[in-house]
Amino acid sequence: LQSRGWAVAGPLLERLRAVEGVARAEVAGALRRRAETLDAVVLLAASADPDAPARIARALGFEPDAGAARARLAGGAHAEVHVTTPEAWG
């Protein structure tokens, strides 16, 4: 599952990093931790723009969802992008 997760995450991460206002973007969640099971491909984006979650959702073809964007991708994979401010980046 990890290899499939990375295959999905790579292109999404590239597209996410190209979205206007995104200062930083990385893989998060179970994929980053290299967990044995993977429920969703989770990405984290940092942006100072309060409209970033909606802009990201539009750019990726995801549904906006309170500070995040979510989608079910071709092949059934779930993907999420959570958005935080650059100052709150952990």
Side-chain angles (χ1 to χ4, degrees):
L1 291 173
Q2 282 285 321
S3 62
R4 182 168 181 243
W6 284 103
V8 170
L12 285 176
L13 193 56
E14 187 176 314
R15 289 173 51 203
L16 177 59
R17 287 176 173 156
V19 174
E20 181 182 344
V22 172
R24 185 173 177 189
E26 299 295 339
V27 171
L31 187 60
R32 183 190 61 81
R33 293 188 307 274
R34 301 195 189 288
E36 197 169 309
T37 59
L38 185 64
D39 293 333
V41 170
V42 179
L43 304 176
L44 181 63
S47 179
D49 182 354
D51 295 327
R55 182 178 297 116
I56 288 166
R58 284 191 305 273
L60 299 181
F62 285 20
E63 292 294 322
D65 181 23
R70 303 176 196 281
R72 175 172 248 160
L73 306 174
H78 291 271
E80 304 174 2
V81 178
H82 297 273
V83 184
T84 189
T85 63
E87 298 80 23
W89 187 276

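- By the neighbour-count criterion of 12 heavy atoms within 6.0 Å, atom CG of D39 is sparsely surrounded, having that number or fewer from other residues, nucleotides or ligands.
- Partners of R55 according to the side chain to side chain donor-acceptor pair (under 3.5 Å) rule, which considers only residues two or more places apart in sequence or in another chain, are D49.
- Side chain of Q2 to main chain of A35: a donor-acceptor pair is present (N/O by atom type, distance under 3.5 Å, no hydrogens or angles).
- In this structure, the separation between CD on E80 and CZ on R70 is 4.5 Å, given to the nearest 0.5 Å.
- Partners of P86 under the side chain to side chain contact (heavy atoms under 4.5 Å, CB included) rule, at least two apart in sequence or in another chain, are A23, A46, A48.
- To the nearest 0.5 Å, atoms CG (L43) and CZ (F62) are separated by 7.0 Å.
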Just distance, no hydrogens or angles: give the donor-acceptor pairs under 3.5 Å from side chains in residues 26-34, sequence neighbours left out.
residue	atom	partner	partner atom	Å
E26	OE1	R17	NH2	3.2
E26	OE2	R17	NH2	3.4
R33	NH1	G29	O	3.3

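- Closest non-hydrogen pair, P53 versus P50, comes out as CD-O, 3.6 Å.
- In this structure, V42 and H82 approach most closely via the heavy-atom pair CG1-CD2, 3.6 Å.
- What you find for A45 and V81 is that their closest heavy atoms are CB-CG1, 4.2 Å.
- For the atom pair CG of L12 and CD1 of I56, the computed distance is 12.0 Å after rounding to the nearest 0.5 Å.
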